[in-house]
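Computed over heavy atoms, backbone and side chain alike; hydrogens, waters and symmetry mates excluded.
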Amino acid sequence: MATLTVELTASARGGSLAASYTPGVFDTSNLFHVSSVLNRQSIAQHGLDWTRMGAARGIAGSRRPEVEGIFVCRGEEDAEFFLQINNTGGPVDLWSVDGIDEGLLLDNGNGFVYLPGRIPAARVRLVRSDVPPQHGF
């Protein structure tokens, strides 16, 4: 399969970063991550990294990471649930996550799963942006 390099704008100052995309790979992902739009630049540049995504509260409203890892949703229905409970205080983005071994996911004790590690920018893709909060925040 061919790999295509895509250039993304990382800041208003004209900075850019490179990410690779393999056609057909992201299209089959069934893992997603929901995050505040305030974390978008960090995610585009560094990937999903709980130590860098502190620009807004978490989806459940927490002010600091609940775990040392990245929560992911298994499938579109789970992602819709997290979009509905948005407690970030503003709009959110939906990211597709690719190339993760689901056997590495851990349950947080409440039925939600997370990867105990960081996810590189090359494995995430913004699929929906500026999704308004459901609770009128």
Side-chain angles (χ1 to χ4, degrees):
M1 213 179 276
T3 299
L4 171 68
T5 299
V6 180
E7 190 169 306
L8 305 171
T9 301
S11 73
R13 294 183 293 265
S16 64
L17 57 105
S20 62
Y21 170 70
T22 305
V25 174
F26 285 116
D27 301 331
T28 61
S29 176
N30 68 337
L31 295 179
F32 298 93
H33 178 80
V34 179
S35 182
S36 168
V37 298
L38 298 176
N39 291 320
R40 186 183 300 161
Q41 183 175 343
S42 174
I43 294 170
Q45 186 173 6
H46 304 286
L48 297 170
D49 180 342
W50 71 94
T51 67
R52 295 179 180 267
M53 295 190 302
R57 291 180 287 170
I59 292 300
S62 57
R63 297 212 179 264
R64 60 182 180 182
E66 296 176 29
V67 297
E68 290 187 359
I70 300 298
F71 280 95
V72 294
C73 307
R74 287 181 169 146
E76 293 178 28
E77 286 183 24
D78 285 352
E80 287 297 328
F81 170 77
F82 282 98
L83 291 169
Q84 293 292 321
I85 68 162
N86 175 13
N87 285 311
T88 66
V92 295
D93 289 333
L94 177 64
W95 298 83
S96 175
V97 180
D98 181 59
I100 303 301
D101 178 355
E102 290 192 44
L104 298 175
L105 299 177
L106 301 176
D107 189 308
N108 76 335
N110 293 319
F112 304 113
V113 295
Y114 68 96
L115 180 72
R118 295 165 177 85
I119 301 171
R123 292 189 181 214
V124 298
R125 178 178 57 100
L126 185 61
V127 292
R128 281 175 62 186
S129 62
D130 298 325
V131 178
Q134 301 300 314
H135 301 294
F137 289 107

Which atom names give the shortest non-hydrogen contact between Leu38 and Ala56, and what distance separates them? CD1-CB, 3.8 Å

Return a table of donor-acceptor pairs under 3.5 angstrom between the side chains of residues 61-68 and protein atoms on other chains or two or more places apart.
unit_1 : atom_1 : unit_2 : atom_2 : d
Ser62  : OG     : Arg64  : O      : 3.4
Ser62  : OG     : Glu66  : OE2    : 3.3

Mind checking the CG-OG spacing from Leu31 to Ser96? Nearest 0.5 Å is all I need. 8.0 Å

Only counting residues at least two apart or in another chain, list the ones meeting salt bridge (charged side-chain N to carboxylate O under 4.0 Å, His left out) with Arg40. Asp93, Asp130

Between CG on residue Leu94 and OG on residue Ser35, distance to nearest 0.5 Å: 10.5 Å

How long is the straight-line distance from OG1 of Thr51 back to CZ of Arg118, given to the nearest 0.5 Å? 4.5 Å

Shortest non-hydrogen separation from Ala44 to Ala121 and the atoms involved: O-CB, 3.6 Å

Picking from Gln45, Gln41, His46, what satisfies side chain to side chain donor-acceptor pair (under 3.5 Å) with Arg52? His46

Which side-chain N or O atoms in residues 101-108 pair as donor and acceptor under 3.5 Å with protein atoms at least two apart or in another chain?
unit_1 : atom_1 : unit_2 : atom_2 : d
Asp101 : OD1    : Gly103 : N      : 2.9
Glu102 : OE1    : Arg74  : NE     : 3.4
Glu102 : OE2    : Asn30  : ND2    : 3.4
Asp107 : OD1    : Gly109 : N      : 2.6
Asp107 : OD1    : Asn110 : N      : 3.4
Asp107 : OD1    : Gly111 : N      : 3.1
Asn108 : OD1    : Asn110 : N      : 2.9
Asn108 : OD1    : Phe112 : N      : 3.3

Any Ile100 side-chain heavy atom under 4.5 Å of Val72 side chain: no

Residues 80-90 vs salt bridge (Lys or Arg N to Asp or Glu O under 4.0 Å), sequence neighbours excluded, gives Glu80-Arg128

Answer whether the closest heavy-atom distance between the side chains of Thr88 and Ile59 falls below 4.5 Å. yes

Can you check whether Ile70 reaches Met53 side chain to side chain, under 4.5 Å on heavy atoms? yes

Using the salt bridge (charged side-chain N to carboxylate O under 4.0 Å, His left out) criterion, which residues pair with Asp78? Sequence neighbours excluded. none

Residue pair Ile119 / Val124, side-chain heavy-atom distance below 4.5 Å: yes

If a pair satisfies ring pair (Phe, Tyr, Trp, His ring centres under 6.0 Å) and one of its residues is in residues 48-79, list it, with sequence neighbours excluded. Phe71-Tyr114

CZ-CG distance between Phe32 and Leu83, expressed to the nearest 0.5 angstrom: 10.0 Å

